[in-house]
Protein chains: 2
Amino acid sequence: MSIETDIKQKKFRSPYQRLSINLTYTSNWLGYKQLELFKEHDITSQQYNVLRILRGQQSNAIKVTEIAERMLDKNSNTSRLIDKLLVKGWAERTSCPSDRRAVDVVITPAGLDLLSKMDPALEEWENGLSSVITPEEADLMSSLLDKMREAENNNL
Amino acid sequence: MSIETDIKQKKFRSPYQRLSINLTYTSNWLGYKQLELFKEHDITSQQYNVLRILRGQQSNAIKVTEIAERMLDKNSNTSRLIDKLLVKGWAERTSCPSDRRAVDVVITPAGLDLLSKMDPALEEWENGLSSVITPEEADLMSSLLDKMREAENNNL
DNA sequence: ATACATTTAATGTAGTAACATGTATTTATC
DNA sequence: GATAAATACATGTTACTACATTAAATGTAT
């Protein structure tokens, strides 16, 4: 269904406004889809995001600031997200020896286990996109999204 | 900058996972960009979304449920969003004569005025995308986003 | 060495969102 | 026409986010 039908707006002032609105709408739509899976595992989308980043680090520790940057998030929120992961036993936090202001965060085996339990459902959903989008189109979209973030007048 | 560089993740399990993550990331990125403009006008992104829908209705009233559907939002939150618009004088709420459970919402002249003040900046930002994306590419992206929302296994 | 600025993370506060529930009204079934 | 189910909206609760501030550690200039 086209974005025009979904939000019942017939006209847009430009292809760029339509894209901008469609991007936000589709991202929200995806968020709601994922929410259902996340709820089953008693984790939020943001908490999952942190865990995924931690897994990408393998056993290497990562600092709160670094996590926040990759998430486009504020340090303060990331701190509290990690609190939740700690309580649930999915992550560990140790003071960084070389810089005692910093905090080293690593994923625990329990955290890795959780992610591996969630992987199949997410992978299946992602691959379900192949019924409507070719791998080439997916790559094309990714590169166009990358381009969007490079527009000249980045500032509103 | 590619999504790989931005989130410092080198490998994805498929073009579809990369697209999925890139979509969320870019939408968040866009949200932060827009946040700055919204703050200047003492309005939130969600409140703006409602106002934009109301303007699209011209002088025709619209029900809370209908607004919530177009926003992919919950009724309860939309109720409170409209509360905020009321307080600021940007919208009006009247009991619907034909169905007294329902509430008719319309935008006020002040609301229209606010939107018209915000339009130029948003339009300028949107058109700034033309430095990196052609109108044809923007339309292509929109239609691919539409397709994404139609994938077979919609449910996780 | 000392003063001052910067960096890193955490916390207090207010606003916002998700979810469940409550209330009033309408629609459907008997 | 009475009762049950569905609909439209509002509200209470809990958790999350943005922002400002704080606290501690580090960097830098004199």
Side-chain angles (χ1 to χ4, degrees), chain A residues 24 27-51 54 61-88 91-106, chain B residues 24 27-29 31-51 61-88 91-106:
Chain A
T24 303
S27 171
N28 287 346
W29 170 86
L30 176 60
Y32 276 110
K33 288 287 163 199
Q34 293 177 335
L35 192 61
E36 318 212 348
L37 174 70
F38 291 150
K39 271 196 296 186
E40 287 172 25
H41 294 275
D42 194 29
I43 191 173
T44 68
S45 143
Q46 292 293 72
Q47 288 170 18
Y48 174 82
N49 211 349
V50 175
L51 268 194
L54 292 180
I62 184 174
K63 316 236 177 308
V64 175
T65 308
E66 170 77 12
I67 297 172
E69 274 173 13
R70 298 199 201 172
M71 293 179 68
L72 291 179
D73 201 359
K74 315 288 178 186
N75 283 6
S76 58
N77 294 332
T78 306
S79 272
R80 280 187 266 230
L81 284 173
I82 293 168
D83 286 342
K84 305 292 162 56
L85 300 183
L86 279 181
V87 169
K88 289 171 179 166
E92 275 177 1
R93 181 155 54 178
T94 54
S95 177
C96 173
S98 60
D99 183 343
R100 285 188 303 170
R101 293 169 304 181
V103 168
D104 283 336
V105 184
V106 286
Chain B
T24 303
S27 172
N28 286 346
W29 170 87
Y32 276 109
K33 288 289 165 198
Q34 293 178 334
L35 191 61
E36 319 213 348
L37 174 69
F38 290 150
K39 272 196 297 186
E40 288 172 23
H41 294 275
D42 193 29
I43 191 172
T44 68
S45 147
Q46 294 289 69
Q47 287 169 18
Y48 174 82
N49 210 347
V50 175
L51 267 195
I62 185 175
K63 314 242 177 303
V64 175
T65 308
E66 169 78 11
I67 296 172
E69 274 173 14
R70 297 200 202 172
M71 293 179 71
L72 290 179
D73 199 1
K74 314 290 177 188
N75 281 4
S76 58
N77 296 329
T78 307
S79 278
R80 279 186 268 230
L81 283 173
I82 294 167
D83 286 344
K84 305 293 163 56
L85 300 183
L86 278 183
V87 169
K88 288 170 178 165
E92 275 177 2
R93 181 154 55 177
T94 54
S95 177
C96 173
S98 61
D99 182 345
R100 284 187 305 171
R101 293 170 306 180
V103 169
D104 283 335
V105 184
V106 287

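A, B, ... follow the sequence lines: proteins, then strands. Residue 1 opens every chain. The structure displayed is predicted, hence computed values, not measured ones. FYI, side chains are in, hydrogens and waters are out, and symmetry mates aren't considered; it's all heavy atoms of this structure.
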Extract all donor-acceptor atom pairs below 3.5 Å that involve side chains of residues 42-51 of chain A and protein atoms in other chains or at least two apart in sequence.
from: A:Thr44; atom 1: OG1; to: A:Gln47; atom 2: N; distance (Å): 3.1
from: A:Gln47; atom 1: OE1; to: A:Lys88; atom 2: NZ; distance (Å): 3.3
from: A:Asn49; atom 1: OD1; to: A:Arg52; atom 2: NH2; distance (Å): 3.1

Rounded to the Å, how far apart are A:Lys74 NZ and D:dA18 C1'? 7 Å

Just the rounded figure in Å: distance from P of D:dC19 to CG of B:Asp42. 13 Å

Throw together a table of side-chain donor-acceptor distances under 3.5 angstrom for residues 66-74 of chain A, partners on residues two or more places apart or in other chains.
from: A:Glu66; atom 1: OE2; to: A:Arg70; atom 2: NE; distance (Å): 2.9
from: A:Glu66; atom 1: OE2; to: A:Arg70; atom 2: NH2; distance (Å): 3.1
from: A:Glu66; atom 1: OE2; to: B:Lys8; atom 2: NZ; distance (Å): 3.3
from: A:Arg70; atom 1: NH2; to: A:Gln57; atom 2: OE1; distance (Å): 3.1
from: A:Asp73; atom 1: OD1; to: A:Asn77; atom 2: ND2; distance (Å): 3.3

Residue met sooner reading DNA chain D from 5', once B:Lys39 and A:Arg101 are mapped to nucleotides: B:Lys39

Might you point out which heavy atoms bring B:Val64 and B:Asn75 nearest each other, and give the distance in Å? CG1-O, 4.1 Å

Can you check the A:Asn77 CG to C:dT13 P distance for me, whole Å? 17 Å

Look at the side chain of B:Thr78 and the base of D:dC9, then say whether one donor and one acceptor between them are separated by less than 3.5 Å. no

Please determine, for the side chain of A:Gln46, which listed nucleotide (D:dT17, C:dA10, C:dT25) has the closest atom? D:dT17

Got a sec, which residues hit salt bridge (Lys or Arg N to Asp or Glu O under 4.0 Å) with A:Arg80, two or more places apart in sequence or on another chain? none

Which pairs, with at least one residue in residues 96-106 of chain B and sequence neighbours excluded, count as a salt bridge (Lys or Arg N to Asp or Glu O under 4.0 Å)? B:Lys63-B:Asp104, B:Asp99-B:Arg101

Non-neighbouring partners of A:Arg93 that pass side-chain contact (heavy atoms from CB on, under 4.5 Å), sequence neighbours left out: A:Ile82, A:Asp83, A:Leu86, A:Val103

Rounded to the nearest angstrom, tell me the gap between atom CZ in B:Phe38 and atom C1' in C:dT16. 15 Å

Enumerate the residues from residues 64-73 of chain B whose closest heavy atom to DNA chain D is under 4.0 Å, giving them by residue number; use none for an empty result. B:Val64, B:Thr65

Looking at A:Gln47, does any N or O in its side chain come under 4.0 Å of the phosphate oxygens OP1/OP2 on D:dA15? no

Value in whole Å for how far the P atom of C:dT26 lies from NZ of B:Lys63: 12 Å

Check the distance between C:dA17's C1' and A:Leu35's CG and give it to me in whole angstrom. 11 Å

Does some side-chain heavy atom of A:Thr24 sit less than 4.5 Å from a side-chain heavy atom of A:Asn28? yes

To the nearest Å, how far apart are B:Arg80 CZ and C:dA14 P? 18 Å

Rounded to whole Å, how long is the line connecting atom CZ of A:Arg100 with atom C1' of C:dA10? 17 Å

For B:Thr44 and A:Asp99, find the nucleotide of DNA chain C closest to each by heavy atoms; which residue's nucleotide sits nearer the 5' end? A:Asp99

